[in-house]
Q: 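Take this structure first; my questions come after.
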Amino acid sequence: MGSGKTTVGKILSESLSYLFNDSDDYVEEAMGGTSVAQIFKQGGESFFREYETEALQKLSMMPRQVVATGGGAVIRPINWKYMRQGITVFLDVPVDVLASRINAVGTHTRPLLHFDSGDAYTKAFMRLLTLSKKRSEAYAKADATVSLLTLAASLQLEDVLDITPIAIATDVFFFSFSNLSRVKNM
Ligand SMILES: Nc1ncnc2c1ncn2[C@@H]1O[C@H](COP(=O)(O)OP(=O)(O)O)[C@@H](O)[C@H]1O
Ligand SMILES: O=C(O)C1=C[C@@H](OP(=O)(O)O)[C@@H](O)[C@H](O)C1
């Protein structure tokens, strides 16, 4: 959540002349415009995960597109069957950066990070830390990991906050290119 999948994915899709899709948007459309936050409220996380899997299955049948999945899509093994129809890239962003970004945009669209009271940054940080530990093995299944810490070092930047989305998209492009031979329909 907040790693830049949408921001970077849109840049990548434009430069490749591919379509861009966001699996959360796809779920919301399939639910007649009900927001992800509302779906969580009405049916809980497992209900949302069912629709997320269905969305990934449908999206996996479409060629020439960049998909930003929800950050939790990695936790269901069945989702990998669909995501691996393409090249999978994990954007590895330090948790404090994720929490700052989420804090800046608000938590209303991200129910797992939304709390009715308390310090929003600290609560989001703690939840993101727990989730990133719990999911680390699943994220490691991606074809490529683009780590902002590694990228900052290679660009000789002191702060990951100085890395532009275009620089990240370029890195994702090169990692993806080296995996192209595995994937049909690109
Ligand atoms: N490299 C970046 N530098 C600065 N802000 C970024 C960067 N990538 C994303 N953001 C900002 O962080 C927030 C979350 O990004 P988003 O692309 O929606 O993440 P995700 O789709 O992974 O949840 C947005 O407000 C976006 O503008
Ligand atoms: O990490 C998660 O479990 C989730 C991430 C969200 O997507 P983003 O990663 O686009 O915020 C969204 O799918 C839902 O709130 C659950």
Side-chain angles (χ1 to χ4, degrees), residues 1-27 36 52-53 55-77 79-102 104-105 109-110 113 128-129 131-186:
M1 284 174 273
S3 65
K5 299 180 296 295
T6 306
T7 309
V8 172
K10 281 184 178 167
I11 294 171
L12 191 63
S13 68
E14 276 164 29
S15 57
L16 292 168
S17 299
Y18 277 20
L19 285 177
F20 173 79
N21 273 303
D22 181 309
S23 67
D24 283 344
D25 292 348
Y26 202 94
V27 168
V36 167
E52 184 175 54
T53 296
L56 292 170
Q57 181 189 16
K58 299 228 166 87
L59 288 167
S60 74
M61 293 190 267
M62 302 179 203
R64 299 173 73 83
Q65 58 168 341
V66 176
V67 178
T69 71
V74 294
I75 61 177
R76 278 187 137 197
N79 293 346
W80 284 95
K81 179 178 158 199
Y82 304 127
M83 293 191 292
R84 288 187 66 78
Q85 294 299 314
I87 296 161
T88 51
V89 180
F90 167 46
L91 294 182
D92 189 7
V93 179
V95 169
D96 59 325
V97 176
L98 295 178
S100 300
R101 288 183 187 168
I102 299 291
V105 292
T109 62
R110 293 181 171 93
L113 302 180
L128 283 162
L129 194 62
L131 287 174
S132 76
K133 281 185 192 155
K134 210 164 136 188
R135 294 173 178 176
S136 62
E137 229 173 276
Y139 287 131
K141 290 191 203 169
D143 294 311
T145 293
V146 169
S147 155
L148 261 55
L149 288 174
T150 307
L151 187 55
S154 71
L155 295 173
Q156 298 184 319
L157 296 171
E158 273 179 29
D159 197 331
V160 297
L161 298 178
D162 295 331
I163 311 175
T164 63
I166 289 178
I168 300 165
T170 306
D171 223 39
V172 172
F173 173 80
F174 284 116
F175 274 117
S176 307
F177 200 72
S178 56
N179 277 279
L180 260 186
S181 58
R182 191 184 55 71
V183 180
K184 298 181 212 115
N185 292 332
M186 299 295 286

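Because the structure is a prediction, the values reported are computed rather than measured. Residues take their numbers from the sequence shown, with the count starting at 1.
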Q: Any chance you could lay out the side chain to side chain contact (heavy atoms under 4.5 Å, CB included) test for Arg76 and Leu56, step after step, and finish with the verdict?
A: CA-CA 11 Å; Arg76 278 187 137 197; Leu56 292 170; over 6 Å; no

Q: Can you tell me how far apart CG (Leu59) and CE (Met83) are? Round to the nearest 0.5 Å.
A: 11.5 Å

Q: If you round to the nearest 0.5 Å, how far is CZ of Phe175 from CD1 of Ile87?
A: 12.5 Å

Q: Could you give the distance from CG (Asn21) to NZ (Lys10), rounded to the nearest 0.5 Å?
A: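 Atom-to-atom, Asn21:CG and Lys10:NZ are 10.5 Å apart.
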
Q: Nearest heavy-atom pair of Ala142 and Trp80: which atoms, and what distance?
A: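 For Ala142 and Trp80, the tightest heavy-atom pair comes out as N-CH2, 3.7 Å.
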
Q: When rounded to the nearest 0.5 angstrom, what distance separates CG in Leu113 from CG in Leu128?
A: 4.5 Å

Q: Kindly give the heavy-atom pair with the smallest separation between Val74 and Ala138, and that separation in Å.
A: O-CB, 3.6 Å

Q: How close do Val89 and Ser176 get, counting heavy atoms only, and between which atoms?
A: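 Heavy-atom minimum between the residues: CG2-OG, 3.9 Å.
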
Q: Could you go step by step and tell me if Val160 and Val93 meet the side chain to side chain contact (heavy atoms under 4.5 Å, CB included) rule?
A: CA-CA 9 Å; Val160 297; Val93 179; over 6 Å; no

Q: Got a sec: does the CD1 of Ile166 have more than 12 other heavy atoms crowding it under 6.0 Å?
A: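 Atom CD1 in Ile166 is not packed in, count stays at 12 or less.
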
Q: Drop me the distance from Asp92's CG to Leu151's CG, to the nearest 0.5 angstrom.
A: 11.5 Å

Q: With no hydrogens and no angle check, is any side-chain donor or acceptor of Thr145 less than 3.5 Å from a backbone partner on Ser147?
A: no

Q: Measure across Phe20 and Ser13 and return the closest heavy-atom pair with its distance rounded to 0.1 Å.
A: CB-OG, 3.4 Å

Q: I'd like to know if Lys5 pairs up with Asp22 as an ion pair, taking the criterion as any Lys NZ or Arg NE/NH1/NH2 lying under 4.0 Å from an Asp or Glu carboxylate oxygen.
A: no

Q: Would the distance check show the side chain of Ser23 and the main-chain N or O of Gly70 forming a donor-acceptor pair, the cut-off being under 3.5 Å?
A: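 It does hold such a pair.
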
Q: Can you see which heavy atom on Lys58 is nearest to which on Tyr26, and at what distance?
A: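 So the two residues come closest at CB-OH, 3.4 Å.
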
Q: Sequence neighbours left out, cut at 3.5 Å: what donor-acceptor pairs do the side chains of residues 94-101 make with other protein atoms?
A:
{"residue": "Ser100", "atom": "OG", "partner": "Asp96", "partner atom": "O", "Å": "2.9"}
{"residue": "Arg101", "atom": "NH1", "partner": "Gly2", "partner atom": "O", "Å": "2.8"}
{"residue": "Arg101", "atom": "NH1", "partner": "Ser3", "partner atom": "O", "Å": "3.2"}

Q: Donor-acceptor pair, distance only, cut-off 3.5 Å: does the side chain of Asn79 make one with the backbone of Ala73?
A: yes

Q: Please, which pairs that meet side-chain hydrogen bond (donor to acceptor under 3.5 Å, both in side chains) have at least one residue in residues 152-169, sequence neighbours excluded?
A: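 Pairs touching residues 152-169 that pass the test: none.
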
Q: Could you pull out all residues at least two apart from Ser60 that satisfy side chain to side chain contact (heavy atoms under 4.5 Å, CB included)?
A: Tyr82, Gln85

Q: Side-chain contact, heavy-atom cut-off 4.5 Å: Met62 with Leu19?
A: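 No - every pair of side-chain heavy atoms lies 4.5 Å or more apart.
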
Q: Could you go through the side chain to side chain contact (heavy atoms under 4.5 Å, CB included) check for Val172 and Ile11 one step at a time?
A: CA-CA 11 Å; Val172 172; Ile11 294 171; over 6 Å; no

Q: Heavy-atom count check: over 12 atoms from other residues, nucleotides or ligands less than 6.0 Å from Lys141 NZ?
A: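 Yes - once you tally the heavy atoms of other residues, nucleotides and ligands closer than 6.0 Å, there are more than 12.
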
Q: Decide yes or no on side chain to side chain contact (heavy atoms under 4.5 Å, CB included) for Arg84 and Asp143, but give the supporting numbers first.
A: CA-CA 9 Å; Arg84 288 187 66 78; Asp143 294 311; 3.0 Å; yes

Q: Nearest 0.5 Å, what's the CD-CD1 distance between Glu52 and Ile75?
A: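 Spacing of CD (Glu52) from CD1 (Ile75) equals 7.5 Å.
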
